[in-house]
Every structure is written in C-alpha cells, then in structure tokens.
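Note that the structure is predicted; figures quoted are calculated from it, not measured.
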Amino acid sequence: MSSPIRWPSVVEGDRATIRRFDGDAIEADWLEEAAQAIAGRADPCRLQDRLNDGDQGWWIIGDGQVVGALCSRLADLNSPVASKAAVWTWLAIDARWRAYGYGGASVPLLERAAREAGASIALTPLPPDNGVALYFWLRLGYTPLRSVTLRSTDWPDGVAPDALWMRRPLEPDRSDLPLHAEE
C-alpha cells in the first residue's frame with residue numbers, strides 16, 4: 001500500500017459535498033444493501049472492509065443529509081505515463097436517494113481531491129456482471145482498459161482478477177478558487 005497521503009477533509013460542489021469520515025465506526029441502515037448492489041453476483045463489497053484495507057472514505061452529502069458514501073486510495077502505477085492513480089473502491093448511494101444525481105455529482109469531487117493528493121489518473125474496478133456500474137462510469141467519461149499495472153501492494157482486497165477496469169485522466173484544475181476546507 002502507498003504511504004499515507006493528505007486527502008482534503010471536505011470538497012464542495014454545486015450538487016453535492018463529500019466529507020471525509022472522522023471515525024472508525026461506519027453505520028447506516030442502507031450499507032448492507034449497497035454492499036450487495038456494488039458487488040453484483042459476487043460476495044458483498046462492504047464499506048468497513050474497504051476502510052480496513054486502508055482506503056479513505058467520505059460521506060456524500062446532498063440536500064443537507066448523508067445520501068451515500070465513497071472510498072478511494074492513492075496507488076502507485078507501474079507505468080511511465082502516470083505515477084499515481086486514484087483507485088475508486090466503493091461508491092454507493094442510499095436506495096432512497098438513487099436517481100437524483102448524487103453519485104455522478106460526487107465523482108468530480110473525489111477526482112478533484114485526488115488531483116490535490118497527487119493523482120494524474122483515476123481507475124475503477126467493476127464486477128464483470130454489473131452493467132449498471134459500467135453505464136454509470138461510461139457516462140462520466142471513463143473508458144475500459146485492457147489491463148491495469150498497479151503494484152501488487154496497491155491492489156484492493158476483494159477485487160476479482162476478472163474485474164473490468166475503467167480509467168479517466170485527471171485534468172489539472174483551472175480554477176483559482178479554494179477547492180476544500182482543511183482540518
């Protein structure tokens with residue numbers, strides 16, 4: 001796993017905000033359903049497992065309340081093109097809030113945080129049988145990869161060898177406005 005990095009604590013957008021988890025106990029009544037939805041027919045992908053694997057987690061805030069959660073890690077690539085990648089390992093919206101655009105609104109916020117943390121590319125693994133996830137990431141500008149060149153220590157636990165990987169280059173932010181509040 002990569003050395004610890006300093007992720008932003010809050011990244012605000014027009015439609016949503018992501019706020020870094022501030023404790024180890026992550027509980028919400030919708031998390032188990034989300035774990036199964038992410039995994040498709042595979043074993044559930046639980047949020048706490050992602051955190052136990054060293055990923056950074058954020059709550060997704062929309063309309064003043066928690067509507068979802070996401071996790072990512074910064075990984076080293078074995079590639080001359082980019083040295084660091086943000087690897088999405090969990091993104092789920094509470095079923096009551098799906099189809100309101102919060103998932104799509106949170107992606108550029110995490111991408112902005114990842115750029116600040118040194119990433120030049122974003123990667124996400126998908127279960128090969130999760131067509132909804134494939135459509136979601138394609139809509140957001142991610143493209144399929146033939147292979148991924150992560151160091152073995154950066155490979156997320158639980159990601160199947162036959163996972164479909166998607167990528168998107170992280171463009172430099174052209175805004176002069178502050179991106180987040182630091183703790």
Got a second to check how far [X]'s [atom1] is from [Y]'s [atom2], nearest 0.5 Å?
X	Y	atom1	atom2	value
Arg168	Leu138	CZ	CG	12.5 Å
Leu126	Tyr135	CG	OH	15.0 Å
Leu110	Ser72	CG	OG	4.5 Å
Ser106	Trp59	OG	CH2	13.5 Å
Leu123	Thr89	CG	OG1	12.0 Å
Cys71	Leu47	SG	CG	4.5 Å

With side chains defined as the heavy atoms from C-beta onward, is the minimum distance between Asp94 and Glu33 less than 4.5 Å? no

4.5 Å side-chain heavy-atom contact, Pro144 and Leu164: yes

Exercise: identify the closest heavy-atom pair between [X] and [Y]:
X	Y	value
Ala114	Ala86	CB-CB, 3.4 Å
Ile60	Leu91	CD1-CD1, 3.6 Å
Pro156	Arg50	CB-NH2, 3.5 Å
Phe21	Ala69	CZ-CB, 4.1 Å
Val67	Gly62	CG1-O, 3.8 Å
Ala16	Leu109	O-CD1, 3.3 Å

Between Ile61 and Val66, does the side chain to side chain contact (heavy atoms under 4.5 Å, CB included) criterion hold? Intermediate values first, please. CA-CA 5 Å; Ile61 312 297; Val66 172; 3.7 Å; yes

Are a donor atom and an acceptor atom from the side chains of Tyr100 and Asp63 found within less than 3.5 Å of each other? no

Stepwise side chain to side chain contact (heavy atoms under 4.5 Å, CB included) test for Gln56 and Arg20: CA-CA 8 Å; Gln56 179 60 59; Arg20 203 170 57 199; 2.6 Å; yes

Verdict with supporting geometry, Trp30 and Trp97, ring-ring contact (aromatic ring centres under 6.0 Å, His included): CA-CA 11 Å; Trp30 55 272; Trp97 292 102; over 10 Å; no

Got a sec: does the CZ of Arg19 have more than 12 other heavy atoms crowding it under 6.0 Å? no

Quick one: side-chain hydrogen bond (donor to acceptor under 3.5 Å, both in side chains) partners of Trp90, sequence neighbours excluded? none

Can you list the residues that meet the side-chain hydrogen bond (donor to acceptor under 3.5 Å, both in side chains) rule with Asp157, with sequence neighbours excluded? none

Residues Lys84 and Glu116 bridged, charged N to O under 4.0 Å: no

Whether Asp29 and Arg96 form a salt bridge (side-chain N of Lys/Arg under 4.0 Å from carboxylate O of Asp/Glu) is what I want to check. yes

Kindly indicate, with the supporting measurements, whether the criterion side chain to side chain contact (heavy atoms under 4.5 Å, CB included) is fulfilled by Trp137 and Thr143. CA-CA 8 Å; Trp137 291 104; Thr143 57; over 6 Å; no

Are Val87 and Thr124 close enough, and set up right, to give a side chain to side chain contact (heavy atoms under 4.5 Å, CB included), and what steps lead you there? CA-CA 6 Å; Val87 178; Thr124 185; over 6 Å; no

Geometric cation-pi criterion, Arg167 with Tyr142: 6.0 Å, 45°: no

